[in-house]
Amino acid sequence: MDDATTAGISEPLDLVKLSLGERVFIKLRGDRTVTGVLHAYDAHMNVVLSQVEETIHFVDVTEDGQPLPPRAERRNVEMLFVRGDGVILISPAQQ
């Protein structure tokens with residue numbers, strides 16, 4: 001990071017603050033991911049997102065225990081509150 005970016009960063013939540021109003025990628029417990037515009041967050045990592053795409057990843061197994069190819073289900077949500085105890089990772093979304 002350059003000096004202009006790191007100058008205002010003194011703790012980890014400052015990095016999240018830089019993403020306010022931007023699209024972010026959030027990995028959640030339970031093989032879920034969400035991508036959306038970050039509107040608010042707090043110290044517990046509770047977040048409010050808009051224009052959200054949620055993806056749930058599944059790996060089903062056959063009756064004899066063999067894994068089937070992974071699949072994903074997606075849904076779009078206008079506004080979403082994500083409870084912080086389920087958050088594993090927050091990152092700027094890939095363009």
Side-chain angles (χ1 to χ4, degrees):
M1 289 186 186
D2 60 30
D3 290 336
T5 304
T6 59
I9 299 173
S10 61
E11 59 184 57
L13 288 180
D14 290 341
L15 287 172
V16 178
K17 187 177 193 177
L18 292 173
S19 295
L20 281 171
E22 303 291 330
R23 287 195 71 75
V24 294
F25 169 83
I26 302 178
K27 183 171 176 62
L28 302 169
R29 291 182 184 182
D31 295 322
R32 294 174 184 257
T33 60
V34 294
T35 303
V37 177
L38 180 65
H39 288 279
Y41 69 95
D42 65 14
H44 302 287
M45 283 289 75
N46 296 316
V47 297
V48 177
L49 303 168
S50 68
Q51 302 172 15
V52 180
E53 180 180 76
E54 177 185 29
T55 305
I56 306 169
H57 304 274
F58 296 97
V59 177
D60 296 321
V61 294
T62 62
E63 290 180 10
D64 61 350
Q66 297 299 315
L68 295 171
R71 64 185 175 90
E73 289 184 9
R74 290 181 170 79
R75 72 176 180 140
N76 293 310
V77 182
E78 187 175 325
M79 189 70 75
L80 185 69
F81 173 86
V82 178
R83 185 175 162 145
D85 64 350
V87 173
I88 296 172
L89 172 139
I90 298 180
S91 170
Q94 298 294 322
Q95 300 296 336

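Within 6.0 Å of atom CD in E11, more than 12 heavy atoms from other residues, nucleotides or ligands are found, so the atom counts as buried in its surroundings.
Closest of all the heavy-atom pairs between S19 and V24 is CB-CG1, 3.7 Å. Shown here for V59 and P67, the closest heavy-atom pair between the two residues is CG1-CB, 4.2 Å.
A 4.5 Å side-chain heavy-atom check between M45 and I90 finds at least one atom pair inside the cut-off. Side-chain atoms of I26 and L49, non-hydrogen and from C-beta on, do get closer than 4.5 Å to each other. Here the side chains of T33 and F25 are in contact, with some heavy-atom distance below 4.5 Å. At least one side-chain heavy atom of S50 sits under 4.5 Å from a side-chain heavy atom of H39. Residues L68 and V61 have side chains not in contact (no heavy-atom distance under 4.5 Å, counting atoms from C-beta outward). The shortest side-chain heavy-atom distance between D31 and I56 does not fall under the 4.5 Å cut-off.
Between the CE atom in M79 and the CD atom in Q51 there is a gap of 9.0 Å [rounded to 0.5 Å]. To the nearest 0.5 angstrom, T55 atom OG1 is 11.0 Å from K27 atom NZ.
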Checklist entry - side-chain contact (heavy atoms from CB on, under 4.5 Å) between V47 and D42: does it pass, once the steps are laid out? => result CA-CA 7 Å; V47 297; D42 65 14; over 6 Å; no
Checklist entry - V34 and E53: side-chain contact (heavy atoms from CB on, under 4.5 Å), yes or no, with the steps? => result CA-CA 6 Å; V34 294; E53 180 180 76; over 6 Å; no
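By the 4.0 Å N-to-carboxylate-O rule, R74 lies too far from E54 to be salt-bridged with it. The existence of a salt bridge linking R71 and E73 is confirmed by a sub-4.0 Å separation between a basic side-chain nitrogen and an acidic carboxylate oxygen.
Remark: R29 pairs with I88 by the side chain to side chain contact (heavy atoms under 4.5 Å, CB included) rule, at least two apart or across chains.
A side-chain contact (heavy atoms from CB on, under 4.5 Å) with Y41 is found for one member of L20, V48, N46 and no other, namely L20.
A continuous path of hydrophobic side-chain contacts links L28 to V16 [ILVMFWY only; heavy atoms under 4.5 Å].
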